[in-house]
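Presented below is the structure to which this report refers.
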Amino acid sequence: MYNLPDLDNFIEVRPGLWRCTIIWPVAVGVQVPVATFLVRGDPVEEGPNAAHDWLLIDAGAPMQVQTLLRAIDKVLSHEKDQLRYICITHAHIDHTGATPALLEKYPEAKVVIHEDEKPFICDGKSFRSCMSDTWTFTLLKHFSHEADVKIPQDRTITLRDGDQWEFDHVLKFVETHGHTPGSASYLHTPTRSIMVGDAVMNIATMPLLSTVPCISGPMAMSTCHWGDAMKSIDKILSLKDQVDTVFPAHDYNKDGLHIDHVHQFHNPCK
Ligand SMILES: [Zn+2]
């Protein structure tokens with residue numbers, strides 16, 4: 001049914017950038033692909049087969065933790081490979097699920113998250129407390145998912161636009177809020193690829209529940225501020241001189257989206 005080469009396994013989609021897609025049975029009869037990404041950081045020793053530091057972007061849904069851990073093990077196969085950071089695009093349950101298990105397995109690892117998103121993974125803050133600019137979220141937020149994890153404060157680092165961090169030379173932090181108060185994207189500068197979480201999606205809308213890819217903005221019922229979410233797509237498009245490929249977290253394409261296609265979706269008359 002899902003003809004993706006990276007189903008349940010990481011595939012190197014760009015040099016130094018791997019994607020793994022796991023199908024999330026979100027409700028009876030509703031299945032959503034959820035992508036996580038591995039980024040190879042710096043070598044930790046010299047030599048052709050050196051171990052590396054690794055970064056993970058998003059941590060999948062809770063019911064697929066074991067599948068994700070197995071997939072990570074296959075890529076981080078050197079005994080000295082280290083997962084250093086789990087970079088979260090936003091705190092919804094389908095992007096944070098394996099975080100506690102990964103922090104336990106990799107005692108040196110820390111979570112990277114936007115300052116405004118941290119309360120949802122550390123303090124139990126509910127997305128239902130968010131003020132919205134749409135009736136859709138205001139009425140349906142009670143059916144939306146929460147973070148459902150409790151991450152220790154001292155295992156997180158928070159970032160905002162322009163903040164430098166240890167792996168800034170590989171992965172730049174870009175604020176793209178709107179879907180949630182602190183949703184963010186990560187720009188893999190060596191391959192001109194940006195992982196945008198739910199800021200842009202590419203799954204079926206029509207026919208519903210098919211596997212026909214279709215570019216859209218984030219899902220309205222779980223998007224706190226629609227106006228800001230649209231501005232964030234503008235912001236992603238404004239990075240065109242640094243970006244070729246947009247990788248949504250929910251994507252039926254095997255190779256992400258060319259930024260021009262996102263532009264055509266968002267600005268159909270230009
Ligand atoms: Zn999502």
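Note that ligands are numbered from 1 as they come in the structure, with each ligand's atoms numbered from 1 the same way.
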Are His179 and His90 an aromatic pair by the rule of ring centers under 6.0 Å?
yes
Is there side-chain contact between Glu12 and Arg40, with heavy atoms separated by less than 4.5 Å?
yes
Atom of Asp94 nearest the Zn ion (ligand 1) (restricted to N/O/S, atom name only):
OD2
Look at the N, O or S atoms of His92, main chain and side chain alike, and state whether any lies under 2.8 Å from the Zn ion (ligand 1).
no
Pick from Leu68, Ile23, Thr67: which one makes a side chain to side chain contact (heavy atoms under 4.5 Å, CB included) with Asp8?
Thr67
Just give me the atom name: the N, O or S atom of Asp198 closest to the Zn ion (ligand 1).
OD2
Are any N, O or S atoms from His250 nearer to the Zn ion (ligand 1) than 2.8 Å?
yes
For His250, run the side chain to side chain donor-acceptor pair (under 3.5 Å) check against Asn202, Asp94, Thr21 and tell me which one passes.
Asp94
